[in-house]
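In this chain, residues are counted from 1 in sequence order.
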Amino acid sequence: MPGDQLELSIPDDPGRRLPERVEPMQPAAGGAPFDDPDYLFEPWWPGVRAIAFVEAGLLRLQIEGLADAAAAAPELAELPRQLIDDATILDGTLLVLDPQGRPDADLLRRRLSASGSRRGPPAGLAAFVASDLLWSGGRSWARRPYRARRERLLAILPEGDRAVVGRGYEREGTVVADALGLLGIGAMGARRLDARYRPGRSGDAWLRLPVVPRLAHVPTERPTLALIQRLPLA
């Protein structure tokens, strides 16, 4: 079964405790935002999906279509020192920020397209927002519920300058949607707290919900990473 493939992956190299690659869980399309005590609600980050492998002080970034995207984000080389645990796999989003700290899709595309052939310093600043934990201490956490995975993630990844755990809010999805709408963000995630990590189709374990921007209050500029992390929840 797909879930067993991730749980039982064995590294090819006996000196390495992590698998070479993993099959990410893919979000399912959901309907309108909702309230539910069984879910955690979070912003949908404006970047590219990335799986971070950290082992023996080294970082690998798995992004679809690239062998190793770590070269596109040299600022994240400090992530292994930031983590309190080794032999860890994080699921999250890679962003590139402009000088004002706003996620910039054009800068991100330029980084990824120039990976391996860059001339001069990269534009913008790379950042990683972690949202899930797949492995910790050389052991798979895929079968554990999302609540346990997130608690472990928060425990082993203290907030840093380039990598953070994404902010999430339990129960009140409609409140989160209103706050994101004020920022002009068009989607949010909903993660079922009792669900294991499911490679491939997520079912109801992870939903992507559309958010309708509140047009009268949409900012003229993109929100910064810090503002998205705080969210104007009242």
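No side-chain donor from either of R102 and T224 sits under 3.5 Å from a side-chain acceptor of the other.
With respect to E75 and R111, a salt bridge is recorded, a charged nitrogen being found less than 4.0 Å from a carboxylate O. Taking 4.0 Å as the cut-off between side-chain N and carboxylate O, D132 and R152 do not count as a salt-bridged pair. Using a 4.0 Å cut-off between charged nitrogen and carboxylate oxygen, D194 and R192 count as a salt-bridge pair. Between E170 and R150 there is no salt bridge, since no side-chain nitrogen of the basic residue lies less than 4.0 Å from a carboxylate oxygen of the acidic one. A salt bridge between D35 and R171 is absent, with no side-chain N of the basic residue lying under 4.0 Å from a carboxylate O of the acidic one.
In this structure, E55 contributes its side chain and R17 its backbone to a donor-acceptor pair below 3.5 Å. R49 contributes no side-chain N or O that, together with a main-chain N or O of P24, makes up a donor-acceptor pair within less than 3.5 Å. Judged by distance alone, with hydrogens and angles left aside, the side-chain atoms of Q82 form a donor-acceptor pair with the main-chain N or O of P158 at under 3.5 Å. R144 places no side-chain N or O within 3.5 Å of a backbone atom of A148 that could act as its donor or acceptor partner. Side-chain atoms of R208 never come within 3.5 Å of backbone atoms of G30 as a donor-acceptor pair (strictly under, hydrogens ignored). When atom types are taken as modelled, the side chain of T174 and the backbone of F34 share no donor-acceptor pair closer than 3.5 angstrom.
Across A190 and L209, no two heavy atoms sit closer than the pair CB-CD1, 4.0 Å. Residues E42 and G168 share a closest heavy-atom pair of CB-CA, 4.4 Å. Nearest heavy-atom pair, G124 versus V96, reported as atom, atom and distance to 0.1 Å: CA-CG1, 4.1 Å.
Taking the ring centre of W206 as origin, the terminal cationic atom of R191 falls inside the region bounded by 6.0 Å and 45° from the ring axis.
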